[in-house]
Amino acid sequence: MEQPLLEINNLKTHFKTERGRVTAVDGISFSVEKGEILGVVGESGCGKSVTAQSILRLFDEKYTASYEGEIKLQGENLLQLSKAEMEKIRGNEVSMIFQDPLSSLNPVFTIGYQLMETIRIHQNRTKKQARQMAIDLLRMTGIPSPEKRVSEYPHQLSGGMRQRVMIAMALACKPKLLIADEPTTALDVTIQAQILDLMLELNEELGMAVVFITHDLGVVAEVCTRVVVMYLGQVVEEANVEELFTTPLHPYTKGLMKAIPQMDGDRSQKLNVIGGTVPALNAIPSGCRFASRCEFANDLCKEKAPDLQVHEGNHKVRCWHYAEISNKEAARHA
Amino acid sequence: MNVVEVNVNPKRVKHDLKKQERSLLLRRFLSNKLMVTGSIIIVLLLLLAILGPKLTPFDPYEMVVKERLEAPSSHHLLGTDNFGRDLLTRIIYGAKVSMWVGFASALLSSIIGLAIGLTASYYRYLDNILMRICDGLLAFPAILFAIALMAVLGAKTENVIIALTIVFSPEVARIVRSRALVVREETYIEAIRSQGASAARIIWKHIAPNTISPLLVKATFVFSEAVIVEATLSFLGAGVPAPDPSWGNILSDGKDVIYTAWWMTVFPGLFIILSVLGLNLLGDGLRDLIDPQSSTK
């Protein structure tokens with residue numbers, strides 16, 4: 001098999017806090033193939049964004065964060081690179097777009113200036129060339145009359161436009177991997193659809209891999225080929241998108257699926273809710289992390305943490321008795 | 001029924017729109033009467049300082065013993081001082097000194113304060129060192145500290161500027177640092193970091209311009225404080241050395257003859273009040289203009 005573009009092995013991200021060390025991402029492993037769109041889903045606070053930012057080592061390593069494990073980009077471990085080497089990776093090989101386009105652009109510079117800056121950080125271009133590139137990028141991301149827009153300030157653009165600018169910026173150096181951290185969460189639904197279409201298009205055109213972080217399973221179904229489900233800093237399930245939606249194995253994933261409103265469903269019925277709350281990061285249970293909220297949990301679950309085990313092919317799940325649960329459920333439906 | 005034909009030129013409309021946007025700031029400025037007043041005072045004082053020396057027929061240093069302590073008249077508009085020098089001319093030359101000292105120390109302490117504040121906000125290991133030094137400097141009352149510095153440096157107009165810069169830089173540094181600490185947590189800073197920008201680029205190119213607005217407001221107040229402190233220093237004989245005119249040392253000359261020549265105390269005092277008032281009104285207005293949320297209204 002070909003070497004994957006990005007390979008994360010047992011990544012742990014620790015934070016120093018006033019209440020001691022907290023491990024926000026605890027032993028995550030997954031890989032991203034060239035040109036694929038990998039979804040990372042999970043509820044708020046499960047470590048999705050921390051994973052994303054860890055890949056680019058965006059946290060302050062001197063004072064707040066420390067990493068363990070391996071993040072291999074084409075075989076090269078990013079965690080062992082120097083600061084300067086890391087700066088060359090950021091924006092050039094791996095780019096990132098953020099959740100809130102309204103605050104992701106510096107208000108004091110024109111968007112053209114900011115685009116040109118990204119280009120000129122990594123490439124040796126004259127101002128004129130960079131400006132032309134910026135205009136082309138804006139055109140590529142579907143911004144009308146880019147020649148005019150290029151000299152406008154962020155506040156003159158709408159949220160959707162600004163997210164397009166962010167995407168243009170991220171694509172400026174044709175990165176091999178784009179990390180999209182909830183890029184559509186802050187946008188309204190029609191704009192959301194446009195941005196997703198744009199990302200799909202660009203993924204196809206440029207053959208760039210995308211790690212798509214979201215809590216919206218609808219979005220996952222639309223754009224992703226493979227999905228990693230995270231819960232409390234760990235991967236609980238990993239599968240191809242069809243498989244995940246047809247046969248979810250982990251009780252948590254099942255809970256998430258049931259919580260999606262169905263257009264043709266019975267509206268008088270209440271949506272399924274996963275009871276309880278996520279345990280705090282400094283009070284992580286010793287057994288299975290989901291046990292306190294799982295309706296199938298027994299003593300084994302509370303005592304011993306399960307490992308991620310392979311179910312079939314590349315469908316992995318972290319649960320002691322996912323097989324029984326699936327059988328039980330099948331029986332219930334029958 | 002009459003049909004009125006309206007001829008709209010689309011190009012014209014566009015042009016007007018752009019003009020409108022630009023005039024928004026101007027309109028907000030004009031609607032703030034206090035700020036307009038302040039600006040007018042400052043502009044007049046600056047004009048006086050720049051053009052005044054060319055307009056007055058008198059020499060600020062020439063002593064005319066015959067004309068000592070003359071009351072305001074049509075010949076000497078504001079009277080003369082105890083050496084027979086024309087008071088208005090002295091005040092005009094004093095305005096030049098005061099405005100120059102105030103402006104220069106505001107500018108220099110802004111530059112130094114900006115550098116210290118930004119460095120402290122970004123490099124946390126320097127933060128403690130720099131801020132403790134600033135705290136130490138801020139612990140001295142401004143005037144006392146300035147007098148001490150002048151004692152070390154020697155009475156000279158340039159030294160007044162240096163002393164005031166040392167006195168006011170820590171204040172500016174604190175303001176810049178606190179603003180920079182907010183800005184560095186903004187998503188756009190993280191975004192440009194994720195694009196591969198180096199620390200130096202982030203600090204000087206992306207954080208610095210976002211701290212300019214509070215800095216500008218602070219600089220105006222430093223200007224006005226510097227005018228007062230300079231006047232105080234000169235009054236005490238630790239500032240601009242005689243015979244160079246400065247509002248402070250005119251006041252100082254006047255205090256000995258306050259019962260016989262009121263004009264020597266009142267007029268320079270009035271100019272100090274006017275300039276400080278003008279600068280403070282301007283500073284308040286700037287704050288409201290830049291940050292409408294903290295508006296005093």
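The figures that follow rest on heavy atoms only: side chains count, while hydrogens, waters and symmetry mates do not. All values derive from a computational prediction rather than experimental measurement.
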Enquirer: From Ile189(B) CD1 over to Ser194(B) OG, what is the distance, rounded to the nearest 0.5 angstrom?
Expert: 11.0 Å
Enquirer: Sort out for me which of Leu56(A), Ile97(A), Asn92(A), Thr118(A) touches chain B most, counting heavy-atom pairs under 4.5 Å.
Expert: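 Between Leu56(A), Ile97(A), Asn92(A), Thr118(A), the count favours Thr118(A).
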Enquirer: With side chain to side chain contact (heavy atoms under 4.5 Å, CB included) as the test, pick out the partner of Ile116(B) among Thr119(B), Ile112(B), Leu118(B).
Expert: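 For Ile116(B), the side chain to side chain contact (heavy atoms under 4.5 Å, CB included) check succeeds only for Ile112(B).
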Enquirer: Could you tell me which of Pro107(A), Pro175(A), Ala172(A) has the largest number of non-hydrogen atom pairs under 4.5 Å with chain B?
Expert: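 Most heavy-atom pairs under 4.5 Å with chain B: Pro107(A).
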Enquirer: Need one label for Phe59(A): side chain, backbone, both or neither, based on atoms under 4.5 Å from any heavy atom in chain B.
Expert: backbone
Enquirer: Pick one of side chain, backbone, both or neither for Ala84(A), based on which atoms fall under 4.5 Å of a heavy atom in chain B.
Expert: neither
Enquirer: Output the option from Lys205(B), Gln195(B), Glu190(B) having the highest count of non-hydrogen pairs under 4.5 Å with chain A.
Expert: Gln195(B)
Enquirer: So Phe15(A) and Val50(A), do their side chains get closer than 4.5 Å, heavy atoms only?
Expert: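 Contact flag for Val50(A)/Phe15(A) side chains = yes.
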Enquirer: Consider only side-chain N and O atoms of Ser103(A) and Thr187(B), and report whether a donor and an acceptor are under 3.5 Å apart.
Expert: yes
Enquirer: Which answer fits Ile192(B), side chain, backbone, both or neither, if we ask what part of it has an atom under 4.5 Å from a heavy atom of chain A?
Expert: side chain
Enquirer: Could you look at Gln114(A) and say if it's the side chain, the backbone, both or neither that has a heavy atom under 4.5 Å from chain B?
Expert: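 Neither; nothing under 4.5 Å.
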Enquirer: Taking Lys62(A), Glu117(A), Arg57(A) one by one, which has the highest count of heavy-atom pairs under 4.5 Å against chain B?
Expert: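 Heavy-atom pairs under 4.5 Å are most numerous for Glu117(A).
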Enquirer: Give, for atom CE of Met99(B) and atom CG of Leu279(B), the distance between the pair rounded to the nearest 0.5 Å.
Expert: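 The distance works out to 6.0 Å.
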Enquirer: Would you call Lys88(A) and Glu85(A) a salt bridge, taking side-chain N to carboxylate O under 4.0 Å as the test?
Expert: no
